[in-house]
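Beneath this line is the structure, given in C-alpha cells, with notes to follow.
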Amino acid sequence: MKKFSFFAAILAAVTMLFTACPHPPVPPTTIVYDGFYVIGEATNVPTLTSEGADLSVMSPGYNENSSNEIRDGLYEKYIALEGGKPFSLVLKEGATETNYGATLSEVNLANAEGGNVRDQPNITILRGVMTENTTMQVAESGLYHIVLDLNKDGKLADKSIIIAPVTWGVRGGMNSWGFTAMKASEFNKTNMSFTVDIEETATGEWKFAYGNGWKIELNEVADPTADNDERFIKANTNLGAGDKEGTLKPGGGNLPLNSGKNVKITLNWNLKAGNIGDSFDYTIEYGEVVIEDPATFVVGFSGSAFATESEWCDPVEGITKAELNAELSNFDATTLNGTYVYTIDEIDFLEGKEFKYRFNGAWLGWGAFTLTGDTENFTDNGGNIKVTNGKVYKATITVVWDNGKATSHTVDLVENA
C-alpha cells in the first residue's frame with residue numbers, strides 16, 4: 001500500500017510539472033504566395049515577413065477597353081497609404097523578391113476647361129515608370145488605387161505605375177448620372193467606410209465611382225480614333241454589380257435603387273486578398289420606401305443612333321420616347337405590380353451608330369435587357385448597342401414591375417414595312 005501511495009505521489013508531481021510548464025504558443029504562419037505586393041511603412045504591412053502580409057497582394061487587373069477582360073501583366077489594388085512614408089511594390093517569385101518603385105510625376109487628367117477627358121476621373125494622379133530597388137510615397141494619407149502594367153505586349157512606353165487618390169462617390173439616376181461625393185471615415189490602414197445621404201431618390205440604377213469618372217488610361221495615345229481605340233489600356237475607376245447578388249466588381253453592371261426618402265448608402269473597404277471586389281461591400285438604408293408609378297416613367301432610347309441633338313440624354317418626345325400602351329398593359333391599380341408596355345410606332349435607327357435602352361433614368365445596355373425582333377441588326381460594342389444597317393422600326397417595350405422595381409425588360413424591334 002505504501003509503495004502504491006509513493007508511486008501515486010510521484011505521478012502527481014510529474015503531472016503538475018508538465019501542467020505548470022506548458023509549451024509556448026506557436027505564432028500563426030502567414031503563407032505568402034508568388035505575386036505582387038504593396039509593402040512598406042506607409043501600409044499596414046511593413047515587410048513580406050509581417051503578419052498578414054498575404055492581405056497586401058495585388059489582384060489581376062481588368063482592361064476596361066477590352067470588354068473588362070483580365071490583362072496579362074496588369075495588376076491593381078485599393079490600399080490605404082500613410083502620407084510621407086515609403087512603400088514599394090514587391091514581386092515575389094519563389095525565393096526571389098524584387099522591389100519596384102518609381103519617380104512619380106503629377107498628371108492632371110482634366111482638360112483645359114476642367115472637364116473629363118474620355119470619361120477619366122477629374123483628378124490629379126501620380127504616374128511613373130517602374131524602377132527596381134526604389135520606393136515611393138504620397139503626400140496625403142488616404143485610400144489609393146494602385147495600378148501597374150508590365151507592358152508584356154508593348155502597348156505602353158514602358159512598365160508603368162499609376163497611383164490615384166480615391167474619393168468615392170455615387171453616379172446614377174439619383175443625380176442624373178453626375179457625381180455626388182461620399183464622406184470618408186477617419187484614415188485607417190485596414191478598414192474605412194464612405195457614406196452619402198440622399199434626401200430623395202427615384203427607382204433607377206447607379207454605380208460607385210471615384211473622381212467623377214469611369215476609367216483611367218495607363219497610356220497616352222496622341223491620335224485616338226475613338227474613345228475605345230484598341231491601343232488604350234484602361235483600368236476601371238468604378239464598382240458595379242458583382243457575379244453574386246450584393247457583391248461588387250470593377251466595371252460591373254448597374255446597381256438597383258428603389259424610390260425612397262432619407263436614403264443612406266455606405267461603402268466599406270477592408271484590406272483583403274483576392275479580387276478587387278472582395279475588399280468592398282455596401283449597404284442601402286431607406287428612411288422611407290416610396291412606390292412609384294411606372295405609368296409616369298420616361299422610357300425609350302438614347303444615344304447617337306438617332307436624328308436628334310440630345311444624343312445621350314433622356315428620350316426625346318416624338319422621336320425616341322415611348323408611350324404607355326394602356327390596352328397592352330396589365331397591372332394592379334393598387335399595388336401597381338404587373339406588366340407595362342410602351343410603344344413607338346416609328347423610330348429611325350442610323351447605321352453604324354450606338355444607343356442604349358433608357359428606363360426612368362437608368363441606362364440599360366447589351367445584356368441588361370432581352371432584345372427580340374430583328375436582333376441580327378444589332379451587336380454589342382462594349383455595352384452599347386451598335387446598329388449594323390440603318391432601318392425604321394416599331395419598338396415595343398415590355399416591363400414587369402414587382403414591389404417597387406422592374407424585374408425584367410424586353411425590347412422588341414420589328415422593321416416597319
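Model, not experiment: these values are computed from the prediction.
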Do Tyr282 and Leu255 come close enough that some side-chain heavy atom pair is under 4.5 Å? yes
Are Asn68 and Asn236 close enough that a side-chain donor and a side-chain acceptor fall under 3.5 Å? yes
Are there more than 12 heavy atoms of other residues, nucleotides or ligands under 6.0 Å from atom NZ of Lys353? no
From Ile319, Val316, Ile397, Ile385, residue fulfilling side-chain contact (heavy atoms from CB on, under 4.5 Å) relative to Phe301: Ile397
Would you say Glu97 has more than 12 foreign heavy atoms packed within less than 6.0 Å of its CD? yes
Test side chain to side chain donor-acceptor pair (under 3.5 Å) on Tyr37 and Asp54; report intermediate values, then the result. CA-CA 8 Å; Tyr37 294 79; Asp54 57 315; over 6 Å; no
Mark yes when over 12 heavy atoms from residues, nucleotides or ligands other than Lys386 sit less than 6.0 Å from its NZ; otherwise mark no. no
Passing option when Tyr286 is tested against Leu257, Ile198, Asn262 for side-chain contact (heavy atoms from CB on, under 4.5 Å): Leu257
Would Asn191 and Asn268 satisfy side chain to side chain donor-acceptor pair (under 3.5 Å), going step by step from the backbone distance to the final call? CA-CA 7 Å; Asn191 58 81; Asn268 300 304; over 6 Å; no
Looking just at side-chain N and O atoms, do Thr407 and Asp402 make a donor-acceptor pair shorter than 3.5 Å? no
Starting at NZ of Lys391, measure out to CG of Leu350 and round the result to the nearest 0.5 Å. 14.0 Å
Charged N to carboxylate O under 4.0 angstrom, Lys85 versus Glu41? no
CD/Glu288: more than 12 non-hydrogen atoms of other groups inside 6.0 Å: yes
Could you check whether the rings of Trp206 and Phe208 sit parallel, tilted or perpendicular, using 30° and 60° as the cut-offs? perpendicular
Just say parallel, tilted or perpendicular for the rings of Phe36 and Tyr100, cut-offs at 30° and 60°. tilted
Nearest heavy atoms of Leu328 and Val341, plus distance in Å: O-CG2, 3.6 Å
Once the angle between the rings of Phe331 and Tyr340 is folded into 0 to 90°, is it parallel (under 30°), tilted (30 to 60°) or perpendicular (over 60°)? parallel
Closest approach of Lys261 and Val290, non-hydrogen atoms and distance? CG-CG2, 4.2 Å
Return yes when atom NZ of Lys394 has more than 12 non-hydrogen atoms of other residues, nucleotides or ligands closer than 6.0 Å, and no otherwise. no
Could you tell me whether the side chain of Asn219 and the main chain of Arg231 form a donor-acceptor pair under 3.5 Å? yes
Identify the heavy atoms of Asn238 and Gly252 that sit nearest to each other, and give their distance. OD1-N, 4.3 Å
Testing Asn63, Asp149, Asn65 one by one against Arg71 for a side chain to side chain donor-acceptor pair (under 3.5 Å), which residue passes? Asp149
Other residues, nucleotides, ligands: >12 heavy atoms within 6.0 Å of Glu323 CD: yes
Modelled atom types, side-chain donor and acceptor of Thr47 and Ser50, under 3.5 Å: yes
A cation-pi test, strictly: NZ or CZ of Arg171 under 6.0 Å from the centre of the six-membered ring of Trp214 and no more than 45 degrees from its axis. Yes or no? yes
Asp374-Tyr393 side chain donor-acceptor pair, cut-off 3.5 Å: yes
Less than 4.0 angstrom from a charged side-chain N to a carboxylate O is my criterion; do Lys152 and Asp72 meet it? yes
What are the two closest heavy atoms between Ile162 and Leu218, and how far apart are they? CD1-CA, 3.7 Å
Roughly how far apart are Trp168 CH2 and His145 NE2, rounded to 0.5 Å? 7.5 Å
Check: Gly83 main-chain N/O paired with Ser141 side-chain donor or acceptor under 3.5 Å: yes
Could you go step by step and tell me if Asn384 and Trp312 meet the side-chain contact (heavy atoms from CB on, under 4.5 Å) rule? CA-CA 11 Å; Asn384 291 342; Trp312 292 98; 4.0 Å; yes
Decide if atom CD of Glu220 counts as having more than 12 heavy atoms of other residues, nucleotides or ligands within a radius under 6.0 Å. no
With under 30° as parallel and over 60° as perpendicular, where do the rings of Trp401 and Phe359 fit, or are they tilted in between? tilted
If we ignore angles and hydrogens, is there a donor and acceptor under 3.5 Å between the side chains of Asn330 and Thr339? no
Hey, does the side chain of Lys77 reach the backbone of Val57 with a donor-acceptor pair shorter than 3.5 angstrom? yes
